[in-house]
Amino acid sequence: MTTSVVTGATAGLGAAFARRLASDGHGLVLVARDAERLERSAADLRERYGVEVEVLAADLATDAGIAAVEERLSAPGRPVDVLVNNAGFGNRGAFLDAPVEDELRMLKVHCEAVLRLTTAAVPGMRERRRGFVVNVASVAAYLPRGTYAASKAWAVRFTEGVASELRGSGVRFLALCPGFVRTEFHARAGMDSSGLPPWAWLDADEVVAAALRDLARGRTVSVPSARYKVAVSLARHVPPALFGAAAGRAGRFDPKLRGTRG
């Protein structure tokens with residue numbers, strides 16, 4: 001049985017990835033901070049899909065948490081063929097409103113953890129010549145919107161870079177860049193998203209389905225839904241200051257809701 005590791009697995013896109021992978025017959029390793037919530041999620045997935053589910057309580061904003069997941073990803077005799085780097089969170093307010101310590105924690109989760117976990121998982125995948133890594137980014141990666149957007153831009157460029165360097169290895173990479181997804185992200189970050197129009201919202205399960213379709217087609221970046229593809233195209237051609245001002249009316253950083261670190 002193929003084993004998939006999903007970080008931030010108890011809510012939002014992480015939970016949607018776990019459901020989809022379990023429905024496809026993958027065994028799972030669910031990673032999040034809340035051990036009790038992890039156990040509930042694992043029990044539900046075992047009952048619903050009949051797959052093996054491990055839980056690993058780890059805070060990816062800490063070295064110890066990252067190291068615990070690295071150890072599982074590289075464990076001899078326990079191969080992992082899928083890694084979904086989904087864990088993430090946002091800070092409320094404009095740049096300089098959030099304490100720098102909070103910004104550094106965000107960068108640790110969005111960048112350092114993604115780098116280290118990918119580095120731990122990929123050698124085994126390359127040796128077996130199969131596997132894939134999904135790094136959940138955001139359309140915010142294409143917007144000039146502070147630390148969150150910058151961290152997601154890093155995730156996209158990192159994914160594109162390793163995909164190029166490991167082309168032909170049997171390991172596939174995808175940066176997933178959704179727009180606003182109906183989850184608990186903004187509520188947990190204390191952000192008001194009530195002013196967003198209904199058309200702006202995406203369904204988490206549909207986002208995951210689109211990502212896996214794009215992965216199967218050999219794409220390295222997935223932007224689900226035509227409306228967000230248009231937004232990304234505009235962001236590449238409209239002056240950053242103008243597009244950034246428009247994006248700012250939707251909140252500090254995030255055209256994507258997917259839950260905090262878990």
Side-chain angles (χ1 to χ4, degrees), residues 7-8 11-14 32-34 58-66 85-118 135-161 175-197 200-202 221 223 228 231-262:
T7 71
L13 286 177
R33 292 179 299 165
D34 188 332
D59 184 350
L60 298 183
T62 68
D63 283 328
I66 297 173
N85 283 311
N86 168 75
F89 69 102
N91 294 317
R92 184 179 181 182
F95 180 62
L96 298 183
D97 289 345
V100 70
E101 293 82 4
D102 292 347
E103 300 280 58
L104 290 170
R105 279 193 290 273
M106 187 200 305
L107 291 175
K108 196 170 189 76
V109 175
H110 291 182
C111 301
E112 182 179 341
V114 169
L115 171 63
R116 289 173 58 179
L117 299 189
T118 302
N135 293 324
V136 178
S138 168
V139 295
Y142 299 95
L143 307 178
R145 294 300 302 163
T147 307
Y148 180 90
S151 71
K152 292 306 182 181
W154 179 90
V156 173
R157 297 294 173 260
F158 170 69
T159 305
E160 291 175 324
L176 174 58
C177 300
F180 291 100
V181 183
R182 290 195 182 279
T183 68
E184 59 192 53
F185 184 98
H186 279 69
R188 292 181 69 174
M191 299 175 186
D192 180 10
S193 58
S194 60
L196 289 169
W201 295 99
L202 302 175
V221 177
V223 181
Y228 283 110
V232 168
S233 179
L234 286 173
R236 287 170 168 163
H237 297 95
V238 173
L242 180 61
F243 206 94
R249 289 193 287 272
R252 176 190 172 190
F253 57 87
D254 183 54
K256 177 176 65 64
L257 301 179
R258 61 179 177 82
T260 54
R261 285 177 281 160

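Everything numeric in this text was worked out from a predicted model, so none of it was measured.
- Listed by chain and number, the residues in a side-chain contact (heavy atoms from CB on, under 4.5 Å) with Ala141 are Lys152, Ala153, Val156 (sequence neighbours excluded).
- Side chains of Asn135 and Leu176 form no contact here, defined as non-hydrogen atoms less than 4.5 Å apart.
- The salt bridge (charged side-chain N to carboxylate O under 4.0 Å, His left out) search around Asp97 returns none, not counting sequence neighbours.
- For the pair Asn86 (side chain) and Val136 (backbone), a donor-acceptor distance under 3.5 Å is absent.
- Inter-residue side-chain proximity for Pro178 and Leu13 is flagged as met; some heavy-atom pair is nearer than 4.5 Å.
- Listed by chain and residue number, Lys108, Arg116 satisfy the salt bridge (charged side-chain N to carboxylate O under 4.0 Å, His left out) test with Glu112 (two or more places apart in sequence, or in another chain).
- Side chains of Cys177 and Tyr142 form a contact here, defined as non-hydrogen atoms less than 4.5 Å apart.
- Taking CZ from Phe158 and OG from Ser151, the interatomic distance works out to 14.0 Å, rounded to the nearest 0.5 Å.
- The closest side-chain heavy-atom distance from Thr159 to Val221 is not below 4.5 Å.
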task = Verify side-chain contact (heavy atoms from CB on, under 4.5 Å) between Tyr148 and Leu143, making sure each step is shown before the conclusion.
result = CA-CA 10 Å; Tyr148 180 90; Leu143 307 178; over 6 Å; no
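- Counting only distance, with no hydrogens or angles, the side chain of His110 and the backbone of Thr147 share no donor-acceptor pair below 3.5 Å.
- Leu60 and Leu117 get closest at one heavy-atom pair: CD1-CD1, 4.2 Å.
- A donor-acceptor contact shorter than 3.5 Å links the side chain of Tyr228 to the backbone of Phe180.
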